[in-house]
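Scroll down for the structure; my scribbles are underneath it.
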Protein chains: 2
Amino acid sequence: MEQESRLAGMQRPGGRTARVREAVLAATQDELVERGFHGLAMDQVAARAGVGKTTVYRRWGSPAGLVADLMTELAEQSSPHADTGSAEADLRANAASVLGAVTDRRLGATFQAVIAAATCEEEAAAALRAFYGRRVAEWARSVERAVERGELPEGTDAAEVVRAVSAPLYYRLLVTKEPVDEDVAARSALQALAAARAGAFVRPAPAVASSAERGRSTSVRVQNVTTADQGSEMRG
Amino acid sequence: MEQESRLAGMQRPGGRTARVREAVLAATQDELVERGFHGLAMDQVAARAGVGKTTVYRRWGSPAGLVADLMTELAEQSSPHADTGSAEADLRANAASVLGAVTDRRLGATFQAVIAAATCEEEAAAALRAFYGRRVAEWARSVERAVERGELPEGTDAAEVVRAVSAPLYYRLLVTKEPVDEDVAARSALQALAAARAGAFVRPAPAVASSAERGRSTSVRVQNVTTADQGSEMRG
DNA sequence: CGCCAAACGGGACTCCTGTTCCATTAGCGC
DNA sequence: GCGCTAATGGAACAGGAGTCCCGTTTGGCG
């Protein structure tokens, strides 16, 4: 993409260019709140931002490009993540955080838009991945600490637990379109926690690695999907 | 919607009309596989189906309409759902089924498209909801039977368990764009199972109901979102 | 302070999507 | 078979998104 190079290493980042970018991104967010992603028109954004249509096309190329840049902007802002000393409280806070993001009028519209854009534009998809990669890594630390404290089984895949907290929320938001509220968020956190405690997030021993800890944990193995009830797994 | 009435109660459903519909939907799927939803052009579909552009516009109105009709068609085809007598095997089969749907070249493209369409068109969103409502209800029966057998705690929300199986898969597919394979599917099923066994899907006692069974579970209750910042997360 | 390249802005132009009009075809009931 | 009408098909038309061209502005730099 030619736009990217301009976005990243701008050769004249001083005054005007920065001002234009700021104005355009702000206008984009306003438009997203009012009309949603499918109603995002480059002309409108340009007009609202008070810049030329040509400029918007030149620098962002498409609605998806606008939205991707917006997401990149958001990704750069670090968010506070809880570390309360209790896995339950941390995961609840995580769920609440996701809830806040998708519920907030402005942020929610942006997320919806990015996800919509990501379904058809690789650029937006990459921005989304980058954002979540960062957030998941941040929150994973609190899960790791819970493992260190012995609250969760040894070998638990922290990032997986974090993802498991938000997965049901996004599932509702995107697939079933059910409302997402505090109740759902809290339950989601607790479900992830329960599964984690039961050892469902313990990484399968990679080939011939240390299978020593396994005896200690609740012994969850991933085997062939096919047949019925091997019975053994998952029991503590 | 005016199209809907035509799709639903067609006044002359015989021969030609049905043929046209079939041809158009087939062409739509082909186009989706080749170009994806954002590349779905009404003209192309019409040409490929060997029908007039006008007809396609008249009966489906938009790419989203095409995709929604396709989804409705798929929803009407009942899928076999396992009932092996073991919750684990059933949930694994469920996960495998979802995996199959999103992995299959043709079906997968269709699902991606419907989801993309659902992000901007209520019609497609409704078709998607209807589809999943049906599928979830079908699979929920096997979970209910597991509850009856005593494999899972009394009061477990069967539909929730089923949703929990597919949620991580869709999360990967849509949000993080990670690959989804048998391994992920199997883990997803086991995680849901673990949480269900731990009682994380037991419905919160509605007012003054039986909270007796709760002692048996690992004491996971839905409480107030206790500690930490639930306010301004995701912010800078 | 003044040069110069980078960035911006406006307007005309193109192409493609979606609509409208009307002639034609083909189910369906008799 | 036969007519009636729903449904289809083709072609012309309109509107809007995206591109191009070129003149204007702006900020970095000597």
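Each chain gets a letter, A, B and so on, in the order the sequences are listed, and its residues count up from 1.
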* Record whether the side chain of B:Lys53 comes under 3.5 Å of the base of D:dG10 through a donor-acceptor pair of N or O atoms. => no
* **Nearest-Å distance for atom pair CG/P, residues A:Leu40 and D:dA17** => 11 Å
* Below 6.0 angstrom between ring centroids: does that apply to A:Phe111 and A:Tyr170? -> no
* To do: Rounded to the nearest angstrom, tell me the gap between atom CZ in B:Arg21 and atom C1' in D:dA6.
  => 18 Å
* Just to confirm, is there a sub-4.0 Å distance from OP1 or OP2 of C:dT19 to any side-chain nitrogen or oxygen of B:Tyr57? -> no
* Side-chain donor-acceptor contact under 3.5 Å, B:Gln29 with B:Thr110 -> yes
* Under 3.5 Å, is there a donor-acceptor pair between the B:Asp83 and B:Ser142 side chains? -> no
* Asked: Mapping B:Val20 and A:Met42 to their closest nucleotides on DNA chain D, which lands nearer the 5' end?
  -> B:Val20
* Asked: Given atom CZ of A:Arg35 and atom P of D:dA17, what is their separation to the nearest angstrom?
  -> 11 Å
* **A:Arg58 side chain near C:dG9 phosphate (N/O to OP1/OP2, under 4.0 Å)** => no
* For B:Trp60 and D:dA7, give me the distance from atom CH2 to atom C1', rounded to whole Å. => 12 Å
* Check if the side chain of A:Arg16 and the base of D:dT25 share a donor-acceptor pair of N or O atoms closer than 3.5 Å. => yes
* Between B:Arg145 and B:Asp90, is the closest basic N to carboxylate O distance under 4.0 Å? -> no
* OP1 or OP2 of C:dC8 less than 4.0 angstrom from a side-chain nitrogen or oxygen of A:Arg59, does that happen here? -> yes
* Asked: Taking OP1 and OP2 of C:dC8, is either one under 4.0 Å from a side-chain nitrogen or oxygen of A:Arg19?
  -> no
* Asked: Between A:Thr54 and A:Asp43, who's closer to the 5' end of DNA chain D by nearest nucleotide?
  -> A:Asp43
